[in-house]
Amino acid sequence: MTEHAASPRRGDTTAAHAPAPQHVVETMTGAQSLIRSLEAVGADTVFGIPGGAILPAYDPLMDSAKVRHILVRHEQGAGHAATGYAQATGRVGVCMATSGPGATNLVTPIADAYMDSVPIVAITGQVSSKAIGTDAFQEADICGITMPITKHNYLVTDPAEIPRVIAEAFHIAATGRPGPVLVDIAKDALQATTTFRWPVELSLPGYRPVTKPHAKQIREAAKMLVGAKRPVLYVGGGVIKAQATTELRILAELTGAPVVTTLMALGAFPDSHPQHLGMPGMHGSVPAVTALQKADLLFTLGARFDDRVTGKLDGFAPHAKVVHADIDPAEIGKNRPADVPIVGDAREVLADLIVAVQAEFDAGHKGDYSQWWEKLDEWKKTYPLGYEPAPGGRLSPQQVIERIGRLVGPEAIYAAGVGQHQMWSSQFIRFEKPGTWLNSGGAGTMGYAVPAAMGAKAGRPDTAVWAIDGDGCFQMTNQELATCALNDIPIKVAVINNGSLGMVRQWQTLFYNQRYSNTVLHSGPDHDGIAPPAQGTRIPDFVLLSEAMGCVGLRCERPEDLDAVIKQAMEINDRPVVIDFIVHQDAMVWPMVAAGTSNDEIQFAKGVRPDFGDDLD
Ligand SMILES: Cc1ncc(C[n+]2csc(CCOP(=O)(O)OP(=O)(O)O)c2C)c(N)n1
C-alpha cells in the first residue's frame with residue numbers, strides 16, 4: 001500500500017526492531033505487561049469482548065492512552081475487523097477474546113486471515129495454568145484448534161514471557177508471508193506480578209523469511225519474459241501485501257506485457273490501464289481467462305494458482321512455461337510446477353527484475369508482443385464485461401454496484417461479502433489503487449463485509465468505506481453496526497438484496513434444475529421475482545433493523561432513484577448508513593467457468609462460449 005505514507009513498511013512493526021530509545025524495566029502484573037507490550041509494538045486499536053479469563057487484561061486496558069479498544073458484538077466481528085484494519089492500514093490488526101467460546105468465535109476470522117495472508121494478532125485469555133487440561137469452565141484448547149490456521153501460536157503461562165511473545169507475534173504476523181498469530185495467555189499469568197522489560201530480544205532461530213531473490217533466477221526470468229511471444233503477468237495478492245505496486249507498474253510498462261490481477265490483487269494495477277486484462281478465474285473476464293489459457297509464459301507474482309483461478313488444473317494454461325515468484329517457498333510448485341522458481345519479497349523481486357529486463361534490452365533483446373496484443377485487444381473488444389438490464393423496470397444488482405463505484409470513486413475502500421454481489425463488485429467497481437478492495441478470497445466467509453469495513457474505517461477514519469453486502473451475508477454479522485454507531489465509525493453498507501442466497505441459487509439454476517432448495521430468505525423481492533412483496537412482509541426489514549442499531553436506513557427499489565440515494569448516503573457522515581437495494585433476483589454472474597471444468601469452457605453468458613479461433617494453440 002504505497003500510498004499510505006503514514007503506514008510503516010511491512011515488517012517494521014515491532015519496537016523491538018526500532019532503535020531502542022531507552023531500556024525499561026518495571027514491576028507490574030502480567031496484564032499490565034500485556035498492555036504495555038501492545039503499546040510498545042505500536043498497536044493503537046484492539047477489537048474485542050471481555051470475559052472471565054481475559055478480564056485481568058481489560059482492567060489496565062481501560063487506562064491506556066495509546067490503545068483504543070472497540071467493544072464488538074461478536075468475536076467474529078472482532079477478527080474480521082482486525083483483518084479489515086490490517087489491509088486498510090498496512091499495519092498488524094489486533095483482536096481480543098476470552099477463553100472457550102470467546103476464543104472459538106475467533107476461529108473463522110483467523111482461518112480467513114490465514115487463507116488471505118493477512119497479518120493479525122489474536123489475543124485470548126486461557127483458564128489458569130493449573131486448570132488447563134481439566135475441562136475447566138470455558139476451557140478450549142485454542143492453540144490446538146488454531147494450529148493449522150495460524151502462522152504461529154503461543155500458550156503463555158509465565159508472565160515474564162509476555163513482552164517477548166507479543167513482540168514476536170507482531171513480527172511473525174507482519175514479516176515474510178503475512179498471517180495470523182494467536183497468543184493465548186493463562187489467567188494466572190495475567191494476574192501474577194512480573195517484570196516488564198522493553199525492548200526485548202526476539203528468539204526466533206528457525207524463522208528467517210527469504211526476501212532477497214536469487215540473482216540467477218531473476219536473470220533467467222527476465223530472459224524468459226523478453227523471449228516470450230505471449231506472456232502474461234499473473235499478479236496475486238502478494239504484490240499488494242509487499243507494497244510492490246509501483247514496481248509492478250514499472251515492470252509492466254517497461255515490458256508492455258499484459259497484466260491480470262486476481263481477486264486478492266484488485267487494485268494492484270489500475271483497472272483503467274490499457275495493459276490490464278481484468279481478473280482471471282471462475283468469474284473472471286474473458287480476456288484475462290483466455291490470455292492465461294493461450295499464454296506461452298505465466299509470469300506469476302505473489303499468486304498461488306488457486307483452484308478458483310486455474311479451474312481444472314490439468315487443463316490450465318496448457319502451453320505456458322511458468323515463472324513463479326513468492327515469499328513462501330511452500331507455494332512454489334504446489335499446484336503447478338515452476339520452470340523458474342523465485343523465492344523473495346515481491347517488491348525486491350520486481351525491483352531486481354526491472355534491472356534485469358533493462359539489461360536484456362541493453363543487450364538488444366526485446367520482447368515483441370505485437371501479435372499477442374492484436375489477439376488480446378480483439379478479445380477485450382469482443383468480450384467486455386456487461387450485464388442485461390433487469391426486466392420490468394426493476395433494479396439490477398450490477399447497475400447498483402457499478403453506480404456506487406462510479407459515484408463514490410476509486411479513493412474509497414470497498415469491502416464485500418461473499419456471493420454474487422462480491423463477484424459483481426470485483427467486476428463493476430473500478431479499482432485503481434492498492435488497499436481499496438477488501439474481501440474474503442480464500443475462505444469465502446459470508447459475514448466478512450460489515451466487520452471488515454468497520455475495521456478499515458477505524459484504521460482510516462478519513463477514507464470513505466463502503467461494505468457491499470448480500471442479504472444473506474448481512475444477516476450473519478450486521479450486529480456490528482451497533483458497534484459502528486456507538487464508536488463513531490460511520491461506514492456505509494449497500495445491501496444488494498435479492499431476497500435469496502443468490503450465488504447458491506445461481507448454481508441451483510444452472511446445475512440443479514432450478515430446484516431452489518433452502519435459498520429463499522424473504523428479505524427482499526417477492527420470491528417469484530415478479531413484484532415486491534406487500535409492505536411488512538420482508539423479514540427482516542433491513543431499514544428498521546439498521547435504524548434500531550443507530551444507523552440511517554434507506555431503501556432503493558427503482559433505477560430512477562439510484563443516484564440520489566447513493567448521494568444521500570455519501571452526505572451522511574455522523575452515523576453509519578445502510579441502503580437496502582431491492583434488486584432483481586434472477587441476475588446471474590457472467591462470465592463463468594463451471595466448477596471442475598477447464599477454463600477453455602468459459603461461458604460469456606449462459607450457453608454462450610466465446611469463439612477464439614485456435615490458431616494460438
Ligand atoms: C459462512 C458461510 N456459509 C455458507 C457459505 C456458502 N455460500 C456462498 S455464497 C452464499 C450465498 C450468499 O448470499 P448473499 O449474501 O445473499 O449474497 P448473493 O450471492 O445473493 O449476492 C452461500 C450460502 C459461505 N460462503 N460462507
Side-chain angles (χ1 to χ4, degrees), residues 74-77 79-80 83 104-116 149 263 281-283 306-308 387 390 394-402 404 414-429 439-453 466-480 493-512 516-527 529 538-540 542 545 578-590 592 594-595:
H74 189 293
E75 289 84 355
Q76 183 183 356
H80 292 315
T83 295
T104 56
N105 276 349
L106 284 178
V107 168
T108 295
I110 290 173
D112 187 273
Y114 187 70
M115 292 287 277
D116 286 345
I149 52 166
L263 183 64
M282 181 177 270
H283 293 295
D306 176 64
D307 56 276
R308 281 294 191 265
Y387 56 88
R394 281 174 288 152
L395 266 181
S396 81
Q398 301 97 322
Q399 183 190 11
V400 172
I401 292 167
E402 189 171 46
I404 292 172
Y414 300 88
V418 169
Q420 291 180 310
H421 63 282
Q422 173 193 27
M423 293 298 115
W424 289 320
S425 299
S426 73
Q427 293 175 336
F428 296 109
I429 295 173
N439 87 132
S440 171
T445 308
M446 286 175 71
Y448 173 89
V450 170
W466 280 71
I468 313 280
D469 218 357
D471 46 315
C473 293
F474 185 65
Q475 293 186 67
M476 291 202 176
T477 52
N478 66 65
Q479 71 272 24
E480 299 311 337
V493 182
V495 182
I496 309 301
N497 187 354
N498 53 13
S500 67
L501 299 167
M503 185 57 97
V504 180
R505 184 184 155 89
Q506 172 163 345
W507 285 42
Q508 290 172 329
T509 303
L510 296 173
F511 311 120
Y512 292 88
Y516 298 117
S517 171
N518 291 284
T519 44
V520 177
L521 291 173
H522 300 283
S523 54
D526 195 14
H527 40 104
R538 287 186 182 122
I539 298 176
F542 292 138
L545 182 68
V578 176
I579 315 175
D580 184 22
F581 290 102
I582 307 292
V583 299
H584 165 49
Q585 69 168 7
D586 289 325
M588 287 205 263
V589 184
W590 299 107
M592 181 172 184

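Count residues from 1 along the sequence. Counting starts at 1 for both ligands and their atoms, in listed order.
A donor-acceptor pair under 3.5 Å is absent between the side-chain atoms of D112 and the main chain of T108, judged by distance alone. Using a distance-only test at 3.5 Å, with no hydrogens or angles considered, no donor-acceptor pair links the side chain of R308 to the main chain of G281. A donor-acceptor pair under 3.5 Å links the side-chain atoms of Q508 to the main chain of S517, judged by distance alone. In this structure a side-chain-to-backbone donor-acceptor pair under 3.5 Å is missing from T445 to Y448. With E402 contributing its side chain and P397 its backbone, the two residues share no donor-acceptor pair below 3.5 Å. Of the possible polar contacts, one joining the T477 side chain to the G447 backbone as a donor-acceptor pair under 3.5 Å is found.
Closest to atom 12 (C) of ligand 1, if we only count protein heavy atoms, is V418 O, 3.4 Å. Nearest protein heavy-atom neighbour of atom 15 (O) of ligand 1: C473 N, 2.7 Å. In terms of protein heavy atoms, atom 13 (O) of ligand 1 is closest to L501 CA, 3.4 Å. When only non-hydrogen protein atoms are considered, atom 20 (O) of ligand 1 lies nearest to G502 N, 2.8 Å. Among protein heavy atoms, atom 17 (O) of ligand 1 sits closest to H421 ND1, 3.2 Å.
Residue contacts with ligand 1 include G444, since one or more of its heavy atoms lies under 4.0 Å from the ligand. Using a non-hydrogen distance threshold of 4.0 Å, I496 does not register as a contact of ligand 1.
Interface of G470 with ligand 1, defined as ligand atoms under 4.0 Å from a residue heavy atom, comprises 14 (P), 15 (O), 16 (O), 17 (O). Each of the following atoms of ligand 1 lies closer than 4.0 Å to a heavy atom of N498: 20 (O). Close approach to G419 involves these atoms of ligand 1, each under 4.0 Å from a residue heavy atom: 9 (S), 19 (O).
Residue M503 has at least one N or O atom closer than 3.5 Å to an N or O atom of ligand 1. For ligand 1, one of its N or O atoms has an N or O atom of G472 under 3.5 Å away. Annotation: W424 places no N or O atom under 3.5 Å from an N or O atom of ligand 1; distance criterion only. For V504, no nitrogen or oxygen atom sits less than 3.5 Å from a nitrogen or oxygen atom of ligand 1, counting backbone and side chain alike.
Within the 4.0 Å heavy-atom criterion, neither part of P397 lies near ligand 1.
Across all their heavy atoms, T519 and R505 have their closest contact at CG2-N, 4.1 Å.
Summarising the contacts of atom 6 (C) of ligand 1 with Q506, M446, Q76, the nearest heavy atom is found in M446.
The distance from the SG atom of C473 to the CD1 atom of I468 is 12.0 Å, given to the nearest 0.5 Å. Here the straight-line distance linking atom NE2 of H421 with atom CG of D471 works out to 9.0 Å at 0.5 Å rounding. In this structure, CD1 on I110 lies 5.5 Å from CD1 on I149, to the nearest 0.5 angstrom.
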